[in-house]
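Atoms within each ligand, like the ligands themselves, are counted from 1 in listed order.
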Amino acid sequence: MARVLDLLWLMVVVFPVALAAEPSPLQDFCVADLKGQVLVNGVACKNPSLVQADDFYFGGIRKKGNTSNPVGSKVSLVTVEQLPGLNTLGIAMARVDYQPWGLNPPHFHPRATELFTVLEGTIEAGFVTSNPENRFITKVLQKGDVFVFPMRLVHFQRNIGNTSARAVSTLSSQNPGIVTIANAVFGSKPDISTHILAKAFQTSNDVIDNIQLKF
Ligand SMILES: *[C@@H]1O[C@H](CO)[C@@H](O)[C@H](O)[C@H]1NC(C)=O
Ligand SMILES: *[C@@H]1O[C@H](CO)[C@@H](O)[C@H](O)[C@H]1NC(C)=O
């Protein structure tokens with residue numbers, strides 16, 4: 001018993017635990033009324049008695065996303081914007097398509113943990129931790145495998161097969177947000193000064209100018 005109490009004391013005093021999540025909804029649902037005037041957590045709720053089945057439905061990810069782009073992947077999001085019935089429910093999802101060797105480049109979600117499931121192909125996934133600082137965690141995933149990208153950590157996936165690959169992700173926010181590192185750093189509007197980036201990346205102004213042109 002004394003040992004159990006010691007352990008509890010250790011947990012509470014030495015390792016304080018902080019938990020945070022999106023608030024529990026105060027109603028069954030709050031289908032987003034995207035034209036509403038009174039805002040609740042970003043958007044208004046539709047009158048529940050006027051809600052239709054289609055408010056809880058989105059058919060937009062039946063089709064493969066267009067992966068003809070420089071990175072060879074396409075993320076098709078299903079957030080509250082595509083699916084108004086998600087409003088206030090704290091969850092969203094995405095379909096990700098990859099060309100052979102296509103990359104979903106390093107990015108993070110400021111408001112969500114991501115649970116990633118491979119539906120087709122072989123995918124290398126990785127993320128970098130903040131504590132310990134900059135530890136790289138990576139794994140090769142096969143069809144059916146599941147991997148978690150913890151909230152706010154930089155992560156990526158790459159198709160390491162000669163055939164197309166496909167995955168689905170669930171995200172713990174109705175509006176997870178996405179910050180793609182290369183776009184944020186080299187494609188901001190207006191540009192971050194070349195001198196700042198050259199110093200940060202320990203390279204020349206020419207190299208930075210060259211990269212900025214691509215974004
Ligand atoms: C896919 O995207 C590329 C590049 O933007 C475009 O040229 C092409 O027409 C698109 N294909 C389809 C089927 O929409
Ligand atoms: C993928 O394609 C490359 C180049 O065509 C080939 O060398 C390699 O063996 C292929 N790998 C598999 C697993 O089919």
F201/F186 under ring pair (Phe, Tyr, Trp, His ring centres under 6.0 Å): CA gap, chis, key distance, verdict: CA-CA 11 Å; F201 287 85; F186 297 106; 5.3 Å; yes
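The backbone N or O of L103 lies less than 3.5 Å from a partner atom in the side chain of S73, making a donor-acceptor pair.
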Ligand 2 polar-atom proximity to protein (N/O, under 3.5 Å):
{"from": "ligand 2", "atom 1": "2 (O)", "to": "N162", "atom 2": "OD1", "distance (Å)": "3.4"}
{"from": "ligand 2", "atom 1": "2 (O)", "to": "N162", "atom 2": "ND2", "distance (Å)": "2.3"}
{"from": "ligand 2", "atom 1": "11 (N)", "to": "N162", "atom 2": "ND2", "distance (Å)": "2.9"}
{"from": "ligand 2", "atom 1": "14 (O)", "to": "N162", "atom 2": "ND2", "distance (Å)": "3.3"}

Distance-only donor-acceptor pairs under 3.5 Å for side chains of residues 206-215, two or more places apart:
{"from": "D209", "atom 1": "OD1", "to": "T194", "atom 2": "OG1", "distance (Å)": "3.0"}
{"from": "Q212", "atom 1": "NE2", "to": "I192", "atom 2": "O", "distance (Å)": "3.0"}

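Scored by the side-chain hydrogen bond (donor to acceptor under 3.5 Å, both in side chains) test, N134 finds no partners at all (sequence neighbours excluded). For E124, the salt bridge (Lys or Arg N to Asp or Glu O under 4.0 Å) partners are R158, not counting sequence neighbours.
Taking the ring centroids of F108 and F149, they lie at or beyond the 6.0 Å cut-off.
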